[in-house]
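In this chain, residues are counted from 1 in sequence order. We count ligands from 1, going down the list as the structure has it; atoms in each ligand are counted the same way.
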Amino acid sequence: MLELKNVTKVYQTKKKKEVKALEDIDYSFQNKGFYAILGKSGSGKTTLLNLIAGLDKPSSGEIQFMGKSFKRFKGKDFDAYRNTCVGFVFQEFNLFENLNVYKNVALALELQGKQAEEQEIEEVLNRVGISDLMYRNINELSGGQKQRVAIARAIIKNPRIIIADEPTGSLDQEIAIEIFEVLKELSKEYLVILVTHNEEYAIKYAEHILRLSEGRQVEKPEGIEEKAEETLDFEYKKGLSVLSSLKMGFTNLKMSIVRLVLCIFLMVFSFTLLGFCISLSFYSKIDIVYDSFVKSNFLDPITISCFEKNKETWYPKTENLDVIIEKLKNECGMEYRLLHNRVIYEHHYIDSDVSSNDGIHMWNPSGVIEADRNYLKDLNFSIMTGAFPEADDEVLITEYYYQTFVRYGFQNKEITLEPNEVTKENLIGKTIYFRTYNAESTKPFKISGILDTGMDVEYFENLENSEKITLSVLHDSNLITRIKNGSMHSAIYTKNGALKATLNYQNQSSTLIGSTIKSKKDVHYLMNYLNEESTATSKYELRFGIHDQMDSILKNLNEIQSISGAIGGVLMCFSIFLLFSLINFTIEAKKKEMGILRALGAKGRNIFFIYSSEGIYIGGFSLLLSYIGCSVVLFLMNQYIQKNEGILVSVYHYHFLTYFLLFLIAIISVIIAILLPVYKVMRKSPAEAIRIEIK
Ligand code: ADP
Ligand code: MG
């Protein structure tokens with residue numbers, strides 16, 4: 001079954017010296033039987049076994065298994081060979097102390113991707129005479145019992161060859177005999193290759209003896225078998241699943257708790273900062289603006305301000321606004337009008353001190369809009385009392401303006417109405433006065449009606465009654481400031497062309513006004529349009545409460561974003577390094593265990609996952625915590641902005657991509673940290689790893 005031809009093994013020591021461990025070995029093993037390899041310590045016995053087990057490669061010569069040369073084995077063939085054909089028994093047992101008897105035996109099957117059955121394990125333990133110890137811990141067993149467990153582990157997968165390296169070396173005489181008996185019994189069924197230096201027993205039990213002396217064969221066999229027919233056909237077992245590998249790594253987790261906590265803390269901190277930095281870049285102005293429209297029932301005033309540049313300074317633009325209005329109408333289907341805000345009003349309140357910001361009262365109307373019935377109809381504005389202006393000196397006031405009169409009374413040159421005397425009806429026909437910016441004298445305009453602009457005055461009740469400054473009071477007061485400073489609600493409406501006719505008023509304005517935004521698409525469209533229209537010397541800005549505020553908030557947040565990104569990046573490097581050293585440390589300590597697992601038939605892939613599981617757990621756990629951390633930071637950030645700016649909506653959102661990118665960052669960090677140490681150890685041959693003594 002197994003042929004060795006001219007097998008030589010030369011080791012290269014660290015000091016570049018060559019050690020000839022085996023020289024020119026020729027031997028042939030049958031399918032069954034008890035073979036003993038005898039020789040003094042250092043004669044090359046272990047080396048030979050490692051070569052037979054495929055744990056190491058000969059320097060020259062050839063090994064054939066069932067007619068197929070090891071030279072033609074690929075990596076996965078060796079894995080399959082060890083996994084299915086070879087059962088390994090070591091001198092120092094090499095059982096896993098943290099698993100009990102049952103699990104140690106079951107491991108051999110799990111490494112084949114099989115689920116162990118209790119009955120199967122009991123049978124095998126029975127064969128080696130320890131079925132009563134099934135659930136014992138390893139450290140509760142004697143040496144002989146441990147070796148029986150090791151033998152059970154080797155035969156449970158029904159291999160072809162049982163390789164035992166001085167299995168009785170650490171045992172007493174009587175116990176050794178028992179082990180020999182067990183192996184002898186097994187040799188009726190399997191090829192048993194046993195290394196020993198106990199000549200007496202070897203001669204007593206073994207059918208064939210191969211003697212080694214300083215790496216050489218003492219007697220050459222008469223002639224080794226001719227090359228056998230190649231009958232080898234590997235069964236590639238699935239092997240340990242990734243999940244089981246990770247699980248196994250988990251039971252193996254042994255590390256300094258201080259390091260672990262520090263590492264996780266650092267990782268969480270850096271991932272959180274990075275996540276925060278990433279989420280800030282998903283900030284969407286349009287969403288926030290639109291959400292805030294919705295939150296305030298579309299009361300936010302919308303104006304477009306126009307500026308032109310003159311010697312590095314931006315001035316309100318006064319020309320060509322008609323062109324923009326025309327374009328907005330044709331290209332976006334949005335109706336805009338000029339708000340002539342250079343018209344000066346006389347005061348028409350009894351109480352002239354109504355300039356404070358909160359509460360429903362105007363200092364003055366924000367401007368005059370020339371309108372026609374169709375325009376008002378388009379906006380869904382309706383006349384609550386009175387009629388549309390028929391003459392050039394007639395105006396509509398808004399409900400908002402009317403509410404101010406209700407609160408503070410109405411006064412002009414002719415009459416005074418106390419607050420309780422003000423009604424919609426008796427304001428009709430009253431005169432209000434205004435003049436243009438430079439003009440000396442004032443002109444009278446008659447109130448022809450009151451316009452309902454859809455503003456819900458009750459909405460602001462909070463503002464009137466509240467003593468405490470709450471978020472909604474803050475928001476309402478912001479909103480009212482904007483409404484006062486330029487909106488449909490705070491304007492006065494005249495007939496088309498009336499201002500020119502009565503005040504000789506030219507187009508002198510810095511704002512366009514309209515309020516046809518109804519959907520997110522509108523905001524999007526308008527913003528894009530204004531961006532496109534803006535040039536180096538003239539610009540158009542969409543303005544509403546939230547929008548103005550956002551610009552100043554953003555200025556600070558850009559800084560916060562860069563800082564958190566930078567700190568997060570640096571900390572990430574630190575945490576990668578820490579994780580790296582942590583994993584390196586534990587892997588160094590477990591090198592031997594890796595070699596044993598290899599010898600038991602674990603694939604390279606299994607080993608990789610078992611030993612990188614530590615990093616994967618730490619990375620995964622840190623990632624989860626940083627998801628939470630990131631959400632909390634964003635939540636607090638939103639709270640802070642809302643409280644400070646009186647904004648009702650969340651400025652930053654939990655974006656799926658944030659979590660995804662964070663996930664990628666975590667994966668990359670873990671890979672960087674685990675790849676090198678795991679690779680370093682995996683590169684070593686398993687034989688070398690097994691030889692490492694655990695101190
Ligand atoms: P045995 O098992 O018979 O005691 P070994 O096969 O372990 O002997 O070793 C045979 C020879 O090879 C010894 O001289 C030993 O020092 C040497 N040797 C074993 N492994 C290595 C290695 N990794 N590097 C260098 N020399 C080695
Ligand atoms: Mg040895």
For [X], atoms of ligand 1 separated by under 4.0 Å from a heavy atom:
X	value
Lys40	3 (O)
Thr47	5 (P), 6 (O), 9 (O), 10 (C)
Ser41	4 (O)

Taking both backbone and side-chain atoms into account, decide whether Thr46 has an N/O/S atom under 2.8 Å from the Mg ion (ligand 2).
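Here the distance criterion (N, O or S atom, under 2.8 Å) is met by Thr46, so yes.
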Minimum heavy-atom distance Gln561-Cys277, with the two atoms named:
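Minimum heavy-atom contact is NE2-O, 3.1 Å.
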Of all heavy-atom pairs between Ala602 and Asp79, which one has the smallest distance, and what is that distance?
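Nearest heavy atoms, Ala602 then Asp79: O-OD1, 4.0 Å.
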Taking the six-membered ring for Trp, are Tyr81 and Phe73 parallel (under 30°), tilted (30 to 60°) or perpendicular (over 60°)?
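The arrangement is perpendicular - the two ring planes meet at more than 60°.
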Report yes or no: does a heavy atom of Gly42 sit under 4.0 Å from some atom of ligand 1?
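Gly42: in contact with ligand 1 (<4.0 Å).
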May I ask whether Glu166 has any heavy atom positioned less than 4.0 angstrom from an atom of ligand 1?
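Contact absent.
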Are Glu62 and Lys5 within salt-bridge range, i.e. N to O under 4.0 Å?
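Result for this pair is no, no salt bridge flagged.
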N/O separation below 3.5 Å, [X] to ligand 1:
X	result
Gln12	no
Thr46	yes
Gly44	yes

Would you please indicate yes or no on a ring centroid separation below 6.0 angstrom for [Y] and [X]?
X	Y	result
Phe88	Phe90	yes
Phe635	Tyr654	no
Tyr627	Tyr659	yes

